[in-house]
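Reading through the structure tokens given below for one structure.
Computed from a prediction, not measured in an experiment: that's the story for all the values here.
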Amino acid sequence: AAITAMHYSKDDVRDAIERLPDDLGELVRLIHWDGFSVPAASQLMGVSTSTGRRRHERALAELSTVLDGKTEIGARLQQGIKRFEGDSVW
């Protein structure tokens, strides 16, 4: 399901991602918009898979904080922290 199906506008999501530090925002875009797995996105960014996973977890937690309270996406993002290998959260 797309994040917009969770009652967020594209602008809400884009704004939340823009609030992230550059490296976290780029990782989120690679994984959730471009469809790369965490290992592939990590390689594109020149970091190890474990570093990519930690950054992805941090990005999802920060997005959850920004978006929490608007709909159930905060809980969905938190569940997504456990789903790194190729599955998109949205």
Side-chain angles (χ1 to χ4, degrees):
I3 195 165
T4 53
M6 302 297 291
H7 308 291
Y8 280 97
S9 72
K10 289 180 183 179
D11 290 336
D12 287 340
V13 176
R14 192 175 297 117
D15 289 346
I17 292 171
E18 288 299 319
R19 293 182 191 187
L20 294 173
D22 290 341
D23 61 333
L24 299 184
E26 181 63 17
L27 187 62
V28 167
R29 285 186 287 276
L30 285 170
I31 294 168
H32 299 286
W33 289 0
D34 297 331
F36 288 97
S37 66
V38 172
S42 300
Q43 184 177 19
L44 284 170
M45 294 185 70
V47 299
S48 69
T49 298
S50 62
T51 297
R53 284 185 177 137
R54 284 190 304 273
R55 288 181 183 177
H56 186 233
E57 181 176 340
R58 192 170 106 212
L60 293 179
E62 289 188 30
L63 284 173
S64 178
T65 298
V66 170
L67 295 171
D68 193 31
K70 291 187 178 183
T71 67
E72 70 269 14
I73 192 67
R76 188 159 167 77
L77 285 170
Q78 289 302 324
Q79 291 171 359
I81 290 171
K82 298 177 181 135
R83 294 176 36 192
F84 290 114
E85 299 297 335
D87 284 344
S88 176
V89 174
W90 22 73

Euclidean distance, Leu60 CG relative to Ile31 CD1, rounded to 0.5 Å | 7.5 Å

List the atom of Leu27, the atom of Ala41, and the distance in Å for their closest heavy-atom pair.
-> CD1-CB, 3.7 Å

Which atom names give the shortest non-hydrogen contact between Thr49 and Val38, and what distance separates them?
-> O-CG1, 4.4 Å

Stepwise, does the salt bridge (charged side-chain N to carboxylate O under 4.0 Å, His left out) test hold for Arg29 with Glu26?
-> CA-CA 5 Å; Arg29 285 186 287 276; Glu26 181 63 17; 3.8 Å; yes

Scanning both residues in full, the closest heavy-atom pair of Val28 with Leu20 reads CG2-CD1, 4.0 Å

Report the distance from atom CZ of Arg19 to atom CG of Leu63, rounding to the nearest 0.5 Å.
-> 10.0 Å

What's the shortest heavy-atom distance between Ala59 and Leu24, and which atoms?
-> CB-CB, 4.0 Å

Pairing of Glu62 and Arg58 as salt bridge, 4.0 angstrom limit = yes

Here the gap from Leu30 atom CG to Met45 atom CE, rounded to the nearest 0.5 Å, amounts to 6.5 Å

Asp22, CG: over 12 other non-hydrogen atoms inside 6.0 angstrom = no

How many angstroms lie between atom OG of Ser48 and atom CZ of Arg54, to the nearest 0.5 angstrom?
-> 6.0 Å

